[in-house]
Amino acid sequence: MSVKVADGIYWVGAIDWNIRDFHGYITHRGTTYNAYLVVDEKIALVDTVKHGFADEMLARVKEIVDPGRIDFVISNHVEPDHSGSLNEAMAAAGNAELIASEKGKEGLSRYYGGKWRFRTVKTGDELSLGRKKLMFIMTPMLHWPDSMMTYVKADRVLLSNDAFGQHIASSQRFDSELPAAVLEDAATDYYANILMPLGQLVAKKLEEVAKLNIGIDTIAPSHGIIWKTPGTIIGYYSRWAGAGTKKKVVIVYDTMWQSTDMMAKSIAKGAIETGVEVKLMHLRSNPWSDAVKEILDASAVIVGSPTLNNTMYPTVGGFLTYVMGLKPKGKMWGIFGSYGWGGGAVKAIKDELEKENHRVVETLDVRFRPDGNEIGRCIEMGRRIASQVG
Ligand code: FEO
């Protein structure tokens, strides 16, 4: 069923109940691909849905209008979770113009061929549908160079695409219908795994939007729940963009024959004794994306690995590649590990972190099994690092 967002604005997206792996990011709650229909004398479809969901979207459009009456299809973002049904949408719309940023046109032409009638737009450009006027706001690098938002002026609705989204598959469409804690958790997860490297840009863009002096009553993103109280999500974004951390230590590790596991738990024991929040995450029991969600507001991250073939364990290597790409800021790092004969994991992790200018405050290497003395050193390491966070 389509859902009314405001007068003449409808959610016509699709619900992906079963997706659990969103290009490597584990989506425990599934997701939605939100498309919106704006109806006035002229009609615009804003964004489409992932490939395979076109029928679901078009059935929702048909509840409101004949898709052949769509005058404009607006692509806020090229990524295929939003453009994957453009072929079907443009075919159903018949003679619609396709509106995108200049970079959007470039990307869409590469993905689908330049076969459509394009109009490119930039910040401040308007498109009149009759009484309703749409205004476009370019948001390059939030999170691709082509990204933009569409603002429906009369109704003060911001169709924000990926920004302010969350991966939640739900029969509910609005923030008031879900527990606040669930929404905050899902929005945190999404921000950490998609927008963390862009924190400064997010802050700048929020300032820019504020300067446009546009009132925003509703933020309707392209994933998850629609914010009828936009102050909530804007508040979260301001906090995260400021890279605020709390007294929290995250220990991320893998283990081969339980020695590194013994070390991890001993480090956690020492850190817990200081009273700070501690998360212990074994990398084959927790998705990388869950660990990154925990790292977002942590002051310290302690990474552990056994040595395999004179370097770090492959799971730890993969995780470090992922997390370094997200460019976490303002954290202190610790490293620990165990080895049998040659060693190498702790040094390899240290090299990786220092290459990215991260502050490594402590390392600890143990041969074979940690003995009583070494367990004590692990506890001390946890205590020392935890006592520096804040
Ligand atoms: Fe939801 Fe960048 O795509």
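Here the structure is a predicted model, which is why all the values come from computation and not from measurement. Every number for a ligand or one of its atoms is a count from 1 in the order of the listing.
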Assess Asp162: does it contribute an N, O or S atom lying under 2.8 Å from atom 1 (Fe) of ligand 1?
->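 Of the N, O and S atoms in Asp162, at least one lies under 2.8 Å from atom 1 (Fe) of ligand 1, which means yes.
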Look at His77 and state whether any of its N, O or S atoms is less than 2.8 Å from atom 1 (Fe) of ligand 1.
->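 Not a single backbone or side-chain N, O or S atom of His77 is under 2.8 Å from atom 1 (Fe) of ligand 1.
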For atom 1 (Fe) of ligand 1, what is the closest N, O or S atom on His223?
->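 When I compare the N, O and S atoms of His223, NE2 is nearest to atom 1 (Fe) of ligand 1.
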Measure from atom 1 (Fe) of ligand 1 to every N/O/S atom of His82 and report the name of the nearest one.
->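 Closest to atom 1 (Fe) of ligand 1 among those atoms: NE2.
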Shortest-distance N/O/S atom, Glu79 versus atom 2 (Fe) of ligand 1 |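 Output for this pair reads OE1.
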Tyr237 vs Tyr191 aromatic rings, parallel, tilted or perpendicular, using cut-offs 30° and 60°?
->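 The rings of Tyr237 and Tyr191 stand perpendicular, inter-plane angle above 60°.
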Could you tell me how the ring of His82 sits relative to the ring of His77: parallel (under 30°), tilted (30 to 60°) or perpendicular (over 60°)?
->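 Plane angle between 30° and 60°, so tilted.
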Throw together a table of side-chain donor-acceptor distances under 3.5 angstrom for residues 128-142, partners on residues two or more places apart or in other chains.
from: Ser128; atom 1: OG; to: Gly130; atom 2: N; distance (Å): 3.3
from: Ser128; atom 1: OG; to: Gly130; atom 2: O; distance (Å): 3.4
from: Lys132; atom 1: NZ; to: Asp7; atom 2: O; distance (Å): 2.7
from: Lys132; atom 1: NZ; to: Asp155; atom 2: OD1; distance (Å): 3.2
from: Lys132; atom 1: NZ; to: Asp155; atom 2: OD2; distance (Å): 2.7
from: Lys133; atom 1: NZ; to: Gly130; atom 2: O; distance (Å): 3.1
from: Thr139; atom 1: OG1; to: Ser147; atom 2: O; distance (Å): 3.2
from: Thr139; atom 1: OG1; to: Met148; atom 2: N; distance (Å): 3.4

Do you see an N/O/S atom of Asp81, backbone or side chain, under 2.8 Å from atom 2 (Fe) of ligand 1?
->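 Within the cut-off used here (under 2.8 Å), Asp81 places no N, O or S atom near atom 2 (Fe) of ligand 1.
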Residue pair Tyr36, Tyr10: steps toward the side chain to side chain contact (heavy atoms under 4.5 Å, CB included) verdict | CA-CA 5 Å; Tyr36 298 95; Tyr10 303 89; over 6 Å; no
Sidechain N-carboxylate O distance under 4.0 Å for Lys105, Glu102 |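 Answer for the salt bridge query: no.
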